[in-house]
Amino acid sequence: MDEKKGNYRFNEIETKWQKHWEDNKTFKAVESDKPKYYVLDMFPYPSGAGLHVGHPEGYTASDIVSRYKRMKGFNVLHPIGWDAFGLPAEQYAVQTGTHPADTTQKNIDNMRRQIKSLGFSYDWDRQVDTTDPNYFKWTQWIFLKFYNSYFDEETQKAKPIEELSIPDSLSEEDKTKYIDDHRLAYESYAPVNWCPELGTVLANEEVIGGVSERGGHPVVRKPMRQWMLRITKYCQRLLDGLADVDWSHSIKKLQHDWIGKSVGAEVDFKVDGHDAVIRVFTTRPDTLFGATYMVMAPEHELVGAITTDDKKGAVTKYIEDASKKSDLDRTDLAKDKSGQFTGAYAINPVNDEKVPIWISDYVLISYGTGAIMSVPAHDERDFEFATKFELPIIQVVDPPKDAKDVKCFTGDGTAINSGEFTGMSTPEFKEKIAAWLDEKGLGEKAVNFKLRDWLFSRQRYWGEPFPIIHKADGTRIALDESELPLMPPEVEDYKPTGDGEPPLAKATDWVNVTLPDGSKGLRETNTMPQWAGSCWYYLRYTDAKNDAAPFAPDKEQYWLPVDLYIGGAEHAVLHLLYSRFWHSLLYDLGYVKAKEPFQKLINQGMILGEDGQKMSKSRGNVVNPDMVIEKYGADSMRLYEMFMGPLEATKPWNMHGVEGVHRFLTRAWRMIIDEDTGEVSSAVQGAQADEETIRILHQTVKKVGDDVEGFAFNTAISQMMIFVNHMSKQKVRAKDAIEKFVLVLSPLAPHIAEELWQKLGHSKPLAYHDWPGYDEELVKEKEVELAVQIKGKIKDRIVVPAGATEEQIKQKALESEKVIAAMAGAEPRKIIVIKSRLVNIII
RNA sequence: GCCGGAGUGGCGGAAUUGGCAGACGCGCGGGAUUCAAAAUCCCGUGAUCGCAAGAUCGUGUGGGUUCAAGUCCCACCUCCGGUACCA
């Protein structure tokens, strides 16, 4: 090893500057009258495995933007924290008896060390930790806001529960129930997604294809007492808000589809021979004349009443079988339609036809009215069912001529076999029939959403306890704000009981309380899901140490909304929807002024292993950031993560690529520093740069700025490489150009940039130095090379001054010997000139 | 099945939105330096044919629009992500 005094010693440089930034609190954000810019990272779960290379990708991108914006004169808020409640620490506790708080703290310490080693410009004084009582106190406080609010349909916003108008006719007991039925946090006893393996229930969003999102364990339906948040009240608001945010089309679409708005009509079908009515929801009221049977969900309340005696046995058995089916069975790919005839008939309101009433589990009790009218000619599911059970199929929509699938046509067309409506187009029919139904009192326009209320309780130890006490009479009381935080109890062991009783239930001293009136009460033993803490952490960052409020209003108003939010796309419908929901509540209650929390969202892509496979321990292709930093330095690590390709793309890791950017940094170092002396190279002089160098410099300043603004960091780095490749060849390197280069390099590779800046004689660090400007005129080439094509094929290239007129270009092109030869005496019919691009001669 | 996104050299990826395909980096080949190597520097590097000048082909496939297509239109194939009977 030939160690020279002035080598690029990244380890020393990086340690030095990281210490400098920390000691001087360089990146502390203080509210001021400067324009603000809030750059947020999705905070990590501090796992025992530490960082993987995916974390630094998003964090590097956000750090580059933060540093760039500071140089552009913005007051930047760039915080980090820990989403530290969650299952792994609890499972470790079950196995070893270690308190989850101890594991969590250890993991946070390790991850903080890793993050610091990358030189990110976080304001460390604003760290949050969701498991810190000073934090979850306010998570519980927000829960109480949900509990103590209702949704006012009139104004479409939440209001304090005291403002709920209660019908006078109700008894005291019914009044309590009425209020509870309007709270935005409520208890429910409906069947839920129970995962025996995890020993807890899961939200709908956490169940993918019948198995748990985490771990892929089977999930069964089981009725249990649960806490729910009434997110469904916010469906329309959550949908509308998407118009105001700058997110990728695909993420918006994902949320849009998850909320799943359908506009249609509800229609009443009388049951023949009964005094009952079955209400159905349909998006195709124009196909009413084609309804040949009805289907109710097995759980529908009318099933028992209308089933005829001869069908009772079969129907009861079907209901039983359906209830035993797990979600997996119900969503099985090889789904074969099943069902039972109830023996009863309904009357189709448009034509008074008698249609049979069936039950089937392809109709879901939880959507719409739990019953449908079946139009097999124009709905694929109904078609499949009707075919299997040989039910009549009547066409009522004539497809347009170019339609292919005539057997079961689900598109728009022209009405046929539809009485007075025959001949109408589908959209017109929909309008007319809605009015017709309304007039006859048979139905009305209706809107349905796929989104369900959010199952908000988990049977776990390591989560926020609910600030709720159950009284002996079945009612409950909420803790007062002054009693927060409610700490979780210490327990002997952390094992779930297996029958759904949460671990907290074991702490009897904690569970049993005596209320002020002397009566006995039991604490709620469920805990909140991990999502709770992440729903509002971006607000806490604005005022992380406030112990009188979750955050001060003026701080929120200064910093919100988040201008740039970077994180993984896997949170498209979970975290991002939940936190928008919480934000909406806080907005309604006047705690925040910003309508939407996250203005711009960028999703970084996944980084694959060197083998092109997903990184995982079992594949043995995991890249450890610590190793990369040790061997090549944090600046190389940062640069490579950005150089790999577009931020949002999925791309494989390649260690040779890290070497490549490391070589670039070393070249940049040697361009400025004499390796023998460690001082600024004698080639760097206060001279005027030549024209070409000035042009490349200005091109570089422009491109790096534009590319950082556009999150195209890979091409920004390419341009800096072009600059270094050029400048390194110069015997005399203008100091002015060198300094501007160091400034544009600094957001991406801050340690080496600060070191070079200091070596160049500056006593003040460059972190808040003005971003260099460029001159648009100097960016332009003086002479341009044009391709000369004949009929689109390139024959020659000519060089013309940048300002050449079309005539001059034409003339020069026609003078080219190769062009003359290729034209072989033919006359040009037309000459197309694209300035600074090409000339195309048509003969 | 449906909904998104993407297919460009040996590899990662560029390409001012219709205007010279392959910037930049990796890898590879050759050379300089060196006792030798590493490091560094220089040159070359889409394919085919040719000694060569050069020619032909080339952005998943097949058609089309255009003076001009990686970019626009139609049909299809493959991969990745989301979703799972929501009436």
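All figures in this text were calculated on a predicted structure; none of them were measured in a lab.
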Between [N] and [M], how many Å separate the two [atom1] atoms, rounded to a whole number?
N: B:rC76; M: B:rA84; atom1: P; result: 26 Å
N: B:rC49; M: B:rG10; atom1: P; result: 15 Å
N: B:rC41; M: B:rG46; atom1: C1'; result: 27 Å
N: B:rU59; M: B:rU8; atom1: C1'; result: 4 Å
N: B:rA21; M: B:rA68; atom1: P; result: 14 Å
N: B:rG13; M: B:rA6; atom1: C1'; result: 14 Å
N: B:rG30; M: B:rG12; atom1: C1'; result: 25 Å
N: B:rG18; M: B:rG64; atom1: C1'; result: 16 Å

Out of [options], which has the shortest distance to the side chain of [X]?
X: A:T283; options: B:rG82, B:rG27, B:rA87; value: B:rA87
X: A:I722; options: B:rC24, B:rU40, B:rG13; value: B:rC24
X: A:H249; options: B:rG4, B:rG19, B:rC41; value: B:rG4
X: A:H656; options: B:rU83, B:rA21, B:rC26; value: B:rC26
X: A:P646; options: B:rG13, B:rG4, B:rC24; value: B:rG13
X: A:R663; options: B:rC24, B:rG19, B:rU40; value: B:rU40
X: A:I832; options: B:rG19, B:rC24, B:rG4; value: B:rG19
X: A:N654; options: B:rA84, B:rC67, B:rC26; value: B:rC26
X: A:D257; options: B:rA87, B:rC3, B:rG12; value: B:rC3
X: A:L838; options: B:rG4, B:rC26, B:rG19; value: B:rG19

Hunt down the Watson-Crick or G-U wobble partner of [N], both distances under 3.5 Å, from any strand shown, or write none.
N: B:rC76; result: B:rG60
N: B:rU48; result: B:rA55
N: B:rA15; result: none
N: B:rA69; result: none
N: B:rC26; result: B:rG10
N: B:rA38; result: none
N: B:rU83; result: B:rG1

A:T426 side chain to A:G413 main-chain N or O, any donor-acceptor pair under 3.5 Å?
yes
Closest nucleotide of RNA chain B for A:K830 versus for A:A371: which of these residues is on the 5' side?
A:K830
A:L451 or A:L254, whichever maps to the more 5' nucleotide of RNA chain B:
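Checking each residue's closest nucleotide, the 5'-ward one belongs to A:L254.
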[N] [atom2] sits how many Å from [X] [atom1], rounded?
X: A:F664; N: B:rG13; atom1: CZ; atom2: P; answer: 20 Å
X: A:E299; N: B:rC85; atom1: CD; atom2: C1'; answer: 14 Å
X: A:Y632; N: B:rC26; atom1: OH; atom2: C1'; answer: 12 Å
X: A:K252; N: B:rG81; atom1: NZ; atom2: C1'; answer: 20 Å
X: A:M642; N: B:rG12; atom1: CE; atom2: C1'; answer: 14 Å
X: A:F723; N: B:rG25; atom1: CZ; atom2: P; answer: 15 Å
X: A:M655; N: B:rC26; atom1: CE; atom2: P; answer: 15 Å
X: A:N7; N: B:rA39; atom1: CG; atom2: P; answer: 14 Å

Under 4.0 Å: is that the gap between some side-chain N or O of [X] and OP1 or OP2 of [N]?
X: A:N840; N: B:rG19; answer: no
X: A:N725; N: B:rG25; answer: yes
X: A:Y362; N: B:rA87; answer: no
X: A:K818; N: B:rA53; answer: no

Touch class at under 4.0 angstrom, heavy-atom based, for [X] against every strand present:
X: A:R829; answer: nothing
X: A:K793; answer: sugar-phosphate
X: A:N714; answer: sugar-phosphate
X: A:K450; answer: base
X: A:E785; answer: base

Calculate, to the nearest 0.5 Å, the distance between atoms OH and CD belonging to A:Y362 and A:E384 respectively.
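Reported value, rounded in 0.5 Å steps: 9.0 Å.
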Would you give the length of the straight line joining atom CD1 of A:I832 to atom CG of A:N840, rounded to the nearest 0.5 angstrom?
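Interatomic distance, A:I832 CD1 to A:N840 CG, rounded to 0.5 Å: 5.0 Å.
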Could you go through A:K631 and A:E659, starting from their C-alpha distance and side-chain angles, then the distance that decides it, and tell me whether this counts as salt bridge (Lys or Arg N to Asp or Glu O under 4.0 Å)?
CA-CA 10 Å; A:K631 198 158 169 202; A:E659 284 168 28; 5.4 Å; no
Find out whether A:F713 and A:V708 are in side-chain contact, i.e. whether some heavy atom of one side chain is under 4.5 Å from a heavy atom of the other.
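A:F713 reaches A:V708 side chain to side chain.
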Heavy-atom check, side chain of A:D382 versus side chain of A:Y293, under 4.5 Å
yes
Taking 4.0 angstrom as the limit, do A:E777 and A:K780 come out as a salt bridge?
yes
Closer than 4.0 angstrom, basic N to acidic O: yes or no for A:E610 and A:R619?
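No, no charged N to carboxylate O under 4.0 Å.
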Can you tell me how the ring of A:F389 sits relative to the ring of A:F385, calling it parallel under 30°, perpendicular over 60° and tilted otherwise?
tilted
For B:rG9, is chi within 90° of 0 (syn) or not (anti)?
syn
